[in-house]
2 protein chains.
Amino acid sequence: MNQPLYRRVQDELIKAILRDGAPAGTRLPSLRRLAKDLHVSRITVEAAYEQLQAQGLIEARARSGTFVTGHGVPPGRDEVDDGPQSLPWEARLAPGANPARERMLAQVFRSDRIQDTVSFAWGAGDPRLFPIDAFRVALNRVLRRAQGAALGPEDSRGNAELRASFAAYLRKLDIVASAESVMVTSGSQQAIDLVVSALVRPGDLVAVEDPSWPGALGALEAARADIRGVPLDGDGMRLDVLEELLGRGGVRLIYTVPTFHNPTGSVMPVGRRRELLRLAQRHGVPILEDDALREVRFGNPLPPPLAALDPSGNVICVGSFTKSILPAARLGYLVAPPKLRQWAIARKRSMDLFCSPLLQRAMADYLDSGEAVRHWKRISRAYALRQRAMAAALERHFPRGAHWEHTEGGPVMWVRLPDGVSARALFEQAVRARVSFAPGEAFFVAPADQPYIRLNFAALNAQEIERGIATLGAVLRAATVEEDLT
Amino acid sequence: MNQPLYRRVQDELIKAILRDGAPAGTRLPSLRRLAKDLHVSRITVEAAYEQLQAQGLIEARARSGTFVTGHGVPPGRDEVDDGPQSLPWEARLAPGANPARERMLAQVFRSDRIQDTVSFAWGAGDPRLFPIDAFRVALNRVLRRAQGAALGPEDSRGNAELRASFAAYLRKLDIVASAESVMVTSGSQQAIDLVVSALVRPGDLVAVEDPSWPGALGALEAARADIRGVPLDGDGMRLDVLEELLGRGGVRLIYTVPTFHNPTGSVMPVGRRRELLRLAQRHGVPILEDDALREVRFGNPLPPPLAALDPSGNVICVGSFTKSILPAARLGYLVAPPKLRQWAIARKRSMDLFCSPLLQRAMADYLDSGEAVRHWKRISRAYALRQRAMAAALERHFPRGAHWEHTEGGPVMWVRLPDGVSARALFEQAVRARVSFAPGEAFFVAPADQPYIRLNFAALNAQEIERGIATLGAVLRAATVEEDLT
C-alpha cells in the first residue's frame, strides 16, 4: 500500500459510513480518541476528517463534535431521533419502495460523491457533451420573446408548443400523435408513475422484464403491485414465460423497455414485438412501453416502437429526452388512450400542478431548431467510440469468467461477473479504490446479491474509462483470487 | 347590443362549448349549415369560426371539418372514441379527483384563454411584475458557473445549495431547519401530495378548512380520504367544530392554511394557533401546514407559522415561492420529521426522480442574492394598491347584498354574492361578457353551486380591474334584477 496514512484512515471511515450505513447524525469519535484507537497521530486523523468533510460525508458542528451528514442516508433509518412528544411516524407511513433496493441505490448515489471517484454508476450521458450553449440560447430566446408568459402557470396537460414538438417527433416514428393526444410529464418517470397509479390497485399482477428499470419497479412497489419478473434472452423479454403468466390470468399491465433495455441493452426484434402485441391483445392486457433511449444508437436501424405496430391502441407509450439531451429538463411525454390521458391530466393537477413552462418552451424551441438531431448524431458517434474503449479495457483488465455483450445503443453495458464473485462485496471494495458502478441487484424484482454489474461507458472519456476499468479489474482479480483460495 | 353579428355568433358557440362541455373532437356544423340555422350570412359564421380558432377553442382539419379542441376538456369525457379493439379503460381507472370540481376547474382554465378576457381567476400574481430579468441573470450565471453539472441528474431530496437557501429562509421564521432537514419538491403541491400519500389510506378521516385549496382537496381525493370540512370564521378554522370532530376519533391528518387562507384570505391569530397545536397534540393528530403566501402582505406583522410554535415536532410544513416569485420555477419545500421525510424522498424517486437542478440552482442563486426580499416589498406595495382599487370598484359596480372583506395579504378576495344569485350562472354569463373568475364551488369539500366567488386583484392593474369589475357588476346586477323579478 503506497497510500498516505490519512488516506487509509479515511478509507476505513468511508467503509464504516457506507457499508454499515451509519445514520446521519451519528457522532464520530473525537480526533484524540480515534488516533489512539487506530495507533496513528492526531494530525493523520485530522487530515482524514478534513477530506471527508470536503466530500460532504461528515460535518463539524461548533461545540458538539463531528457528525455523519444525511447525504444519501438509506431510507428507513433515522437521521436524528424524533422528539419525546413525537408521533409514531413509522407505524403510520404507507408501504413504500423495496427497502433493500432503496438502500443499495442510496449507497450508489453516495459513492458517486466521494472525491476523485471514477463513476460508472450513472444511467445518463456525459455532462461535458450536453448541448449547454444551444439550450442556453433557447432559454434566453424564450425569455425575451414570451417574457412573463413563459414564467406563469401552465396547463396541466403541458405547453401547447412542446406538445406539438413531441407529436411531430412521435409521428416520425409512425406513432399516431397530435398536440391534442400528447401529455407532457416531468420526465418519463412521472409518466410511468401516472399510468401505474391509474391502472394498478394493491395486489394487482404486473409483468416486467427481470432485471428492469429501478424507477419503474419503485413506482409499482409504491402502488403495491404484485410484480412478476419475466427473464430476458438476447432478444428481450421471453414470451414463452410471459405467455404462461398471462395464461394464469389476473395480469393488469405489462411494463417493457423493448429498445435498449435498461440495464441489459437488448433490443427486441420486430417479429417478437408483433408476437408480444398479439399476446397482450389476446389476453386483454395493456402494455406500457418505455422508450427513453432510442436516440443514442450505434448500429442497425431500430425496429418501430410497439406503439407504432399496435393496431388496437392498447399500447401506452412513455418517453423523454432527459437521457439523450438534458437530464435537467425533466420533460417527458405520455401517449395514452383518451380516458386514461384525461385521468392522468387530472391526477397531475393534484400531484404537482404543471411542468415549468420556461423549460417546456425552451425544450420546444430547441427541438424545433433541429439542433436535437445534430446533437443525437454527435453523441451517438462519441458514445460508440467509448463503448469500444470500454470493451477493450474490459478485455485487458477483467479476469476470465467475466462476460459482456456489445450493445447497439444506450449508455450502459451489463457485465456478468465470474462465478462466485459477490457484486455487493466488489462494490464496497471498488468504492474504497475510488471506482463506482451500479450493482446488479438494484435492477431485480427481488433484490439480492446477483453476479451482475451495470457499467456506464457514455459519461466518461477513453482515458477515464481505461483508468477506472484498470482499477476495477485489479479489485475484481483480487476478489477472484481470494475466492479461488477459499 | 352594439356587438357585431359575428361576435354574437361566436358567443353562442363559446356558450355551447363551455357550458355544455362539448368534448374535444366534437365536429362543428359546416359554415353553410350554421349560417342557415342562425339566419346569418356565411361570412358572419366564418368570422366567428376564425376568432374561435385564433383562441384555440376549435381547429380546422383538412378535408374533415372543424372540431372542438381538447384545451381544458372536462375530465371523464371522451375526446375521441376509443378504437373498436380498445380495452374498457374507464372501468380500469382508479377513482380520481371529484369530477364536479374537475369540470369546474377545466371550465375556468378554458375561459381564461378566450381572447380579450379580463381574468380574475388566477391564484398567482402579475406576470408583468415577475422578476424576469433577475431570474434570467441567475439562470445564465448558473449555466456559466456550473456548466454541465447544472444540467445533469440531481439528488431526489434536492440540490444542496437550494436546501441551504430554503433552510436559511425558514430559520428566519423560527422554524428549526437545516439543509439536511429540508426536502425540495416540485412546488408545495407535490409536498402536499407526498405527505398525503405517506399518511392517508383509503377511508381515513382528514380535517380541512371548508372552503380550502382545491389542489389539496384533489390530492386527498386521489388518496381516497374521507374529507371532513371544518368551517372558518374571520380568524380561520373554527376550533370548536374541529374539537368535536377530533373527539369522535379516527382523524389521521389536519390540513390547514393558517396564513392568508386560500380562498378566504383569513389569518389565524397566534392564540388560536397555540390552541390548534394543543388540540392536535392531545389527539395525536399531525398537522400539515401550508404556508405558500406569507411573503405578499400589506398589513400587520404576521403571527409565526404553526411549525415555529410547535414544541412536539408534529407539524409538517410545506411552502413555496411559486406564487410570490415565479410560478414557472415549480420549487417548494417540505419540512417533516425524519422518517416521513425519508419516505417522501424515496417516493419522489419513483414519482419524478428529481427537480430540475438548473431551476434549483437558479432559485438558490436568486434567493441568496437578496433580490427576493426587495421583490416581495415591491409586489406587496403594488398588490396592496390593487386591492384598494378592487374594493373601490366593487363598491361602485356591485349591487347591495354583495359582501367582501379586505385581506392583509395574498392575491385574492372572497366575495359573497347577494342572496339567490347562482355563482355558476354568473360565471357562464360573465365569460360571455369576457370576464372570468373562480366560482366558489371549486373550493368546497362537496362542490355545489355556492353564493361565493374568488377574485384575484394581483394579476391586473387598476384600469383592468375597473374595467373587469364594471362588466362583472353589470352582469351581476342584471342577474339580481332577474332574480328579483322571478
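Below, read A as the first sequence line, B as the second, and so on, with proteins coming before strands; counting in each chain starts at 1.
Note: L353(A) CG to Q189(B) CD = 4.5 Å, rounded to the nearest 0.5 Å.
Chosen from P127(A), A216(A), G152(A), S186(A), the residue pairing most often with chain B at heavy-atom distances under 4.5 Å is G152(A). Annotation: maximal heavy-atom pairing with chain A below 4.5 Å, among P95(B), S197(B), A198(B), A219(B), occurs at A198(B). Ranked by heavy-atom pairs under 4.5 Å with chain A, the first of A191(B), P214(B), G284(B), S188(B) is G284(B). Across G313(B), A336(B), G215(B), S350(B), the residue that shares the most heavy-atom pairs under 4.5 angstrom with chain A is S350(B). When the candidates G187(B), G96(B), A222(B) are compared by the number of heavy-atom contacts under 4.5 Å with chain A, A222(B) comes out ahead. Top candidate by heavy-atom pairs under 4.5 Å with chain A, chosen from S356(B), G218(B), P357(B), is S356(B). With chain A as partner, the option from E221(B), E154(B), R347(B) having the largest number of non-hydrogen pairs under 4.5 angstrom is R347(B).
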What donor-acceptor contacts under 3.5 angstrom involve side-chain atoms of residues 128-135 of chain A, with partners at least two apart or in another chain?
{"from": "R128(A)", "atom 1": "NE", "to": "D126(A)", "atom 2": "OD1", "distance (Å)": "3.0"}
{"from": "R128(A)", "atom 1": "NE", "to": "D126(A)", "atom 2": "OD2", "distance (Å)": "3.2"}
{"from": "R128(A)", "atom 1": "NH1", "to": "E464(A)", "atom 2": "OE2", "distance (Å)": "3.0"}
{"from": "R128(A)", "atom 1": "NH2", "to": "D126(A)", "atom 2": "OD2", "distance (Å)": "3.0"}
{"from": "R128(A)", "atom 1": "NH2", "to": "A459(A)", "atom 2": "O", "distance (Å)": "3.3"}
{"from": "R128(A)", "atom 1": "NH2", "to": "E464(A)", "atom 2": "OE1", "distance (Å)": "2.8"}
{"from": "D133(A)", "atom 1": "OD1", "to": "R136(A)", "atom 2": "NH2", "distance (Å)": "3.1"}

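Between the N159(B) side chain and the Q360(B) main chain, no donor and acceptor come within less than 3.5 Å of each other.
Contact of V196(A) with chain B is not made at all, since no heavy-atom distance falls under 4.5 Å. Heavy-atom distances place the side chain of R201(A), and not its backbone, under 4.5 Å from chain B. Neither the backbone nor the side chain of L220(A) comes within contact range of chain B, judged by heavy atoms closer than 4.5 Å. Interface residue V285(B): only backbone heavy atoms are found under 4.5 Å from chain A. Looking at A97(A), neither its backbone nor its side chain comes within 4.5 Å of chain B, counting heavy atoms on both sides. In this structure, no portion of I325(A) lies under 4.5 Å from any heavy atom of chain B. Contacts of Q147(B) with chain A are made by both backbone and side-chain atoms, with heavy-atom separations under 4.5 Å. Contact of L139(A) with chain B is made through the side chain alone, with heavy-atom distances under 4.5 Å.
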Original post:
Checking side-chain contact (heavy atoms from CB on, under 4.5 Å) for the pair R349(B)/F109(A): CA distance, chi angles, key distance, verdict?
Top reply: CA-CA 12 Å; R349(B) 186 143 52 231; F109(A) 294 140; 3.2 Å; yes
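Note on D204(B) versus R92(A): no salt bridge recorded, every NZ/NE/NH1/NH2 to OD/OE distance being 4.0 Å or above.
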